[in-house]
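The figures here come from the full heavy-atom set of this structure, side chains too, leaving out hydrogens, waters and symmetry mates. The first residue of the sequence shown is numbered 1, and numbering continues consecutively from there.
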Amino acid sequence: MLLLLGCASDPVPLDPLEGADSVVERPEVGEFLFAHPAFRSATLGTVTSHTASFVVDGWAGLTVTATCGDGEETHSRTVTAEVGIPVTLYGLLSDHDYHCGVATIAQTAEADIRTSPEEHPLPDFEVTGDGAAIDHGYILFNVFVDGIDANEQRAVIVDEEGRIRWEYWLGGSYTGDVDTSWPGDGTVLIGGGYGLRPIDVDLDGNILWQAPVAPTDHNYHHHARRQEDGTVLTMTLHDESYEGTDYDGHWIGAWDEAGDLVWDWSTEEAIDQGFLVPDTDLDDPFHMNSVVPVDFTGCDMLTSMRNADALMCFDHTTGQVAWNLQTDFTLVDDEGNAIADDWPDGQHDPKVEGNRLLVFDNARDITVTVRTRVVEYELDPEARTARLLWSYYEHNWDEGVWGGVERLGDDRVLIAFPHCMDCSSDDTDDIMSALIALDANHEPAWRLQFAEETVGLYRASHIPACDIFGNQRYCTE
């Protein structure tokens with residue numbers, strides 16, 4: 001077991017024994033970097049496209065610092081290691097030369113290494129803008145090619161230049177709605193795609209946790225997010241019937257670390273309370289895609305349903321629905337006067353901060369003036385009113401199926417604009433998937449733009465530079 005003690009700090013050799021230091025050029029895996037009868041040895045472990053590991057065979061509790069740098073960036077990690085456990089640096093660039101060092105309390109060693117080439121580079125893309133727009137951090141998202149089904153998907157983490165720093169291949173064929181997120185505990189949470197049980201994966205690719213098979217006997221889809229209390233919110237289809245007609249409803253389940261179901265809720269409860277009426281001409285009349293915690297009077301969970309055009313707030317402890325934004329609220333201007341409705345339509349990925357609701361509005365029912373956009377409202381749940389604060393869209397945006405948003409702080413926003421090649425409208429051209437950071441004025445300040453319409457993604461998560469990889473180029477703390 002490795003205990004992370006620091007993020008990005010230069011190793012400081014502490015009075016190395018005379019003659020113990022060494023420099024090894026291009027060592028082979030398993031080759032000694034240093035050896036001493038009192039302090040045992042250090043050897044080079046595995047080197048991959050994005051990692052380099054060193055095995056220090058000392059005593060339990062020995063403090064080891066490993067670094068790798070190329071003159072522009074330096075990755076550093078200090079750990080307390082058990083005997084023979086690798087000290088691994090993550091987030092290295094592929095096919096790249098690094099000068100690395102290993103230091104213990106008594107010895108230091110240096111070695112030159114080269115990481116492996118990228119076996120599967122990202123599809124063609126272009127990055128424009130300033131990496132400061134994403135705080136010189138990293139972006140986690142899923143990426144796939146050639147449509148909605150039968151994709152070989154992977155989760156990737158890229159830097160501000162779009163260079164892969166980490167990837168995890170999902171190993172199966174899933175739909176594009178695979179959710180990826182960074183809970184902030186050193187793992188990546190992945191799930192959805194109508195088949196992938198949510199999993200926690202560490203940076204070595206080990207599965208540390210997996211959601212149980214859902215009691216609904218349906219596959220997980222669209223959403224897997226860990227909450228502050230440690231539970232993971234998930235969703236599946238749910239067998240339901242209305243006036244003698246069967247249809248696919250939806251079910252939300254919250255799981256704890258032990259794999260026990262903490263609470264659940266289904267669209268059937270909203271129907272029983274009169275907040276939903278299923279269109280039984282559709283197999284999936286609601287098509288839920290998100291559920292997020294909120295802090296409103298009378299409700300603490302907000303769920304998004306694409307096919308029902310509903311952003312519905314309910315209390316997870318009682319199951320009671322409080323309201324649905326699109327049917328229960330009145331849109332008002334700055335003076336509080338009612339104005340024409342301008343609500344999200346087929347929306348995805350709502351994010352709530354205080355009374356402000358940010359959402360990816362797919363605008364599936366295209367009009368002359370409204371297309372897919374990102375929009376933010378200020379809600380007054382007590383008065384059941386809302387103000388539209390701002391919206392952002394681009395001339396060719398027409399995406400009815402996926403999409404995501406995330407706050408970056410200081411009124412900045414990260415947009416995951418996807419393209420579903422097999423299911424989007426054909427009345428616009430040159431629609432390509434992109435990651436876009438908006439500045440505080442809601443103007444584009446950074447963009448990773450894919451070049452082919454065959455490339456798809458779903459959502460994206462921002463990872464602060466100092467939370468991962470210990471790269472002093474981006475993390476200066």
Side-chain angles (χ1 to χ4, degrees), residues 1-2 4 48-51 88 90-91 120 138-144 148-158 164-237 250-264 288-293 349 402 404 406 416 456-463 467-469:
M1 178 178 182
L2 299 179
L4 183 63
T48 69
S49 298
H50 303 292
T51 67
T88 303
Y90 304 95
H120 298 283
Y138 303 93
I139 307 296
L140 164 68
F141 61 104
N142 70 316
V143 65
F144 52 92
I148 190 170
D149 290 313
N151 300 294
E152 287 196 8
Q153 290 197 57
R154 53 180 159 161
V156 298
I157 297 174
V158 302
I164 296 177
R165 298 291 186 149
W166 180 88
E167 64 180 356
Y168 180 83
W169 288 88
L170 303 186
S173 294
Y174 307 106
T175 55
D177 56 286
V178 172
D179 198 6
T180 58
S181 61
W182 176 256
D185 57 359
T187 66
V188 174
L189 182 62
I190 310 170
Y194 289 92
L196 180 60
R197 286 163 54 195
I199 54 175
D200 252 330
V201 179
D202 67 17
L203 295 182
D204 289 309
N206 300 309
I207 296 176
L208 305 182
W209 178 90
Q210 185 169 38
V213 174
T216 59
D217 291 326
H218 283 285
N219 289 327
Y220 291 95
H221 65 85
H222 280 94
H223 191 90
R225 294 284 168 127
R226 175 166 284 107
Q227 308 309 299
E228 291 185 0
D229 64 2
T231 59
V232 176
L233 295 180
T234 64
M235 57 184 56
T236 76
L237 295 178
H250 288 263
W251 174 88
I252 296 169
W255 303 94
D256 66 16
E257 293 183 1
D260 294 326
L261 185 63
V262 179
W263 62 266
D264 64 343
M288 189 183 294
N289 55 55
S290 297
V291 57
V292 295
D349 205 17
W402 300 318
E406 183 167 286
L457 54 87
Y458 176 49
R459 291 178 179 168
S461 295
H462 175 260
I463 304 176
D467 281 8
I468 192 172
F469 301 149

E406 side chain vs H462 backbone, donor-acceptor pair below 3.5 Å: yes

Side chain to side chain contact (heavy atoms under 4.5 Å, CB included) between I463 and F469, worked out: CA-CA 10 Å; I463 304 176; F469 301 149; over 6 Å; no

From CD (E167) to CZ (R154), nearest 0.5 Å: 5.0 Å

Q227 to R225 - nearest heavy-atom pair and separation: NE2-O, 3.1 Å

Check: G193 main-chain N/O paired with T175 side-chain donor or acceptor under 3.5 Å: yes

I190 and V178, any side-chain heavy atoms less than 4.5 Å apart: yes

Min side-chain heavy-atom separation L261-W255 under 4.5 Å: yes

D200 and R226, any side-chain heavy atoms less than 4.5 Å apart: yes

Interatomic distance, L237 atom CG to Y194 atom OH [nearest 0.5 angstrom]: 5.0 Å

Heavy-atom check, side chain of V232 versus side chain of W209, under 4.5 Å: yes

Under 3.5 Å: donor-acceptor pair, side chain of R459, backbone of D179: no

Closest heavy-atom pair and its distance - T236, A214: CG2-CB, 3.7 Å

Atom pair CD1 (I468) and CD1 (I157), whose distance is rounded to the nearest 0.5 Å: 4.0 Å

Atom CD of E257: over 12 foreign heavy atoms under 6.0 Å: no

Minimum heavy-atom distance G404-D349, with the two atoms named: CA-OD2, 3.2 Å

Polar side-chain atom of N289 near backbone of H222 as donor-acceptor pair, under 3.5 Å: no

Heavy-atom side-chain contact between W166 and T51 under 4.5 Å: no

Centroid separation W402 to F141 less than 6.0 Å: no

Residues in ring-ring contact (aromatic ring centres under 6.0 Å, His included) contact with W169, at least two apart in sequence or another chain: H120

Heavy-atom closest contact (A224 atom, L189 atom, distance): O-CD2, 3.5 Å

Any donor-acceptor N/O pair, W251 side chain to D264 backbone, under 3.5 Å: no

Main-chain N/O of H50 paired with T48 side-chain donor or acceptor, under 3.5 Å: yes

Close side-chain approach of T88 to L203, heavy-atom, < 4.5 Å: no

Nearest non-hydrogen partners of A460 and A416, listed with the distance: N-CB, 3.8 Å

Sequence-distant partners of N206, side chain to side chain contact (heavy atoms under 4.5 Å, CB included), two or more places apart: D202, D204, L208

Donor-acceptor pair, side chain of S461 and main chain of T180, under 3.5 angstrom: yes

Main-chain N/O of D177 paired to H221 side chain as donor or acceptor, under 3.5 Å: no

Heavy-atom side-chain contact between I199 and Y168 under 4.5 Å: yes

Straight-line distance of L140 CG to R165 CZ, nearest 0.5 Å: 15.0 Å

Min side-chain heavy-atom separation Y174-N219 under 4.5 Å: no

N142 side chain vs G176 backbone, donor-acceptor pair below 3.5 Å: yes

